[in-house]
Amino acid sequence: MMNCLICHSSDISKFNYGNIELLKCKNCDITYLEKFPDNDSLKSFYSDNYHISTHTSDIELRRSVQQIENYHILDLIKKHNFEAKSIVDIGCDTGFFIDEARRNCYEVYGIELNQEAVKYCNNIGLNVKNSIDEFKLKFDIAVMNHSLEHFANPKQFINNLSLYIADKGIVIIRVPAFDSFFSKLLKHKWIWFQPSNHYFHYSIRSIKYLLESCNFEVIYAEHRNPSKITHYFKYILSRLEFSKYHLIPFKFKILVSQLIKNITATEIIIVAKCKKSN
């Protein structure tokens with residue numbers, strides 16, 4: 001086994017989650033797949049093959065359900081960097097968060113590899129590109145909403161990201177909580193264990209280690225369940241409304257699946273500021 005991809009320790013153990021082999025570092029607590037695609041393969045996968053629906057009814061349903069969470073992120077921004085003006089969302093999907101941030105008078109930018117999603121964002125007036133290097137800017141806020149787990153070299157990316165953070169700038173990261181109760185209970189059947197596209201699995205200790213090793217200071221971190229009972233009722237009502245116009249079928253199986261996700265999908269949310277002089 002090679003040394004840890006985050007801290008380079010040789011104290012690595014191997015174990016199975018179902019039929020998936022994982023490596024765990026005892027020094028920094030990171031867990032990751034033993035094998036995953038190289039960077040070129042990943043870019044090709046997310047650019048052309050990773051499915052993001054741009055059908056209007058799908059988008060509007062997801063926008064409705066995610067709206068509460070978007071305001072949670074905006075609230076964190078106001079608490080930790082009240083003077084922030086610019087936001088970049090890395091892995092912005094079809095732009096739900098930055099669209100909401102734009103309505104709150106922020107300058108917004110997005111990074112997304114999926115070409116259909118980029119096209120959709122650009123068509124509604126959002127400035128979204130494939131790479132952060134294309135902007136030639138520094139940002140007050142960088143947001144990663146469940147995207148860091150998709151990176152094959154997160155340390156390299158976070159180190160590079162620090163170059164694009166302005167003075168007093170912060171990063172806000174949300175990832176599945178691999179150290180949560182339901183992850184440990186359900187193991188490979190946990191709803192956020194998705195080895196086809198989640199390559200690194202984070203605990204609070206491991207993501208703190210990653211950020212601090214890249215010269216960020218963690219100022220806030222917690223486990224949380226983003227899907228409260230109010231979210232679930234909003235999801236049901238949204239599906240009912242869309243089904244009334246024959247846009248999305250109303251299926252009991254889907255509601256049960258969503259309820260399981262609401263109960264078990266614990267995440268880590270973390271806020272950190274860059275200690276480098278930019």
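These figures come from a predicted structure and were not determined experimentally.
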Is any side-chain heavy atom of [X] closer than 4.5 Å to a side-chain heavy atom of [Y]?
X    : Y    : result
V108 : F97  : no
F15  : T31  : yes
K24  : D29  : yes
Q67  : F96  : no
I158 : L148 : yes
L161 : F157 : yes
C4   : I12  : yes
L22  : L33  : yes

is_close_aromatic(H201, F193), centroid dist under 6.0 Å: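 Close enough - the centres of the two rings lie under 6.0 Å apart.
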Ring center gap for Y32 and F200 short of 6.0 angstrom: yes
Counting only N and O atoms by type, is there a donor-acceptor contact under 3.5 Å from the side chain of [X] to the main-chain atoms of [Y]?
X    : Y    : answer
R102 : G125 : yes
D75  : Y71  : no
E69  : Q66  : no
K273 : E217 : no
E212 : L210 : no
N225 : N262 : yes
D99  : L126 : no
H150 : N197 : yes
W190 : T264 : yes
E112 : N114 : yes

Which atom names give the shortest non-hydrogen contact between [X] and [Y], and what distance separates them?
X    : Y    : answer
L74  : Y106 : CD2-CE1, 3.9 Å
P176 : H198 : CG-CE1, 4.1 Å
K208 : A221 : CE-CB, 3.9 Å
Y120 : R63  : OH-NH2, 3.3 Å
C7   : C25  : SG-SG, 3.4 Å
Y199 : A152 : CD1-N, 4.5 Å

Side chain to side chain contact (heavy atoms under 4.5 Å, CB included) between D133 and N160, worked out: CA-CA 10 Å; D133 303 327; N160 185 57; 4.1 Å; yes
salt_bridge(R62, D93) N-O dist < 4.0 Å: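 Between D93 and R62 there is a salt bridge, with a charged N closer than 4.0 Å to a carboxylate O.
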Ion pair E267/R174, N-O distance below 4.0 Å: yes
Find the distance between [atom1] ([X]) and [atom2] ([Y]) and round it off to the nearest 0.5 Å.
X    : Y    : atom1 : atom2 : answer
I73  : I98  : CD1   : CD1   : 13.5 Å
N16  : H188 : CG    : NE2   : 10.5 Å
I30  : L5   : CD1   : CG    : 9.0 Å
N122 : N127 : CG    : CG    : 7.0 Å
I77  : I141 : CD1   : CD1   : 5.0 Å
Q115 : N130 : CD    : CG    : 4.5 Å

CA sep, side-chain torsions, deciding dist, call: V171, M144, side chain to side chain contact (heavy atoms under 4.5 Å, CB included): CA-CA 8 Å; V171 297; M144 300 185 75; over 6 Å; no
Evaluation steps, side chain to side chain contact (heavy atoms under 4.5 Å, CB included), between W192 and E149: CA-CA 10 Å; W192 273 344; E149 63 271 24; over 6 Å; no
Quiz: residues 81-90 side-chain donor-acceptor pairs under 3.5 angstrom, not counting sequence neighbours:
unit_1	atom_1	unit_2	atom_2	d
N81	OD1	A84	N	3.3
N81	ND2	K168	O	2.8
S86	OG	D140	N	3.0
S86	OG	D140	OD2	3.4

Pairing residues for Y109 by the ring-ring contact (aromatic ring centres under 6.0 Å, His included) criterion, not counting sequence neighbours: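 Checked Y109 against ring-ring contact (aromatic ring centres under 6.0 Å, His included); matches are F135, F139.
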Cluster link I68 to I269, ILVMFWY, side chain under 4.5 Å: no
Enclosure of F233 CZ (heavy-atom neighbours >12, cutoff 6.0 Å):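 Atom CZ in F233 is not crowded, with 12 or fewer foreign heavy atoms closer than 6.0 Å.
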Candidate pair S203 and S206, rule side chain to side chain donor-acceptor pair (under 3.5 Å), full reasoning: CA-CA 5 Å; S203 63; S206 64; 3.2 Å; yes
Whether F178 and Y17 hold their rings parallel, tilted or perpendicular, with breakpoints at 30° and 60°: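 Aromatic pair F178/Y17 classed tilted.
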Residues S13, K26; criterion side chain to side chain contact (heavy atoms under 4.5 Å, CB included); working and verdict: CA-CA 8 Å; S13 62; K26 295 180 181 178; 4.1 Å; yes
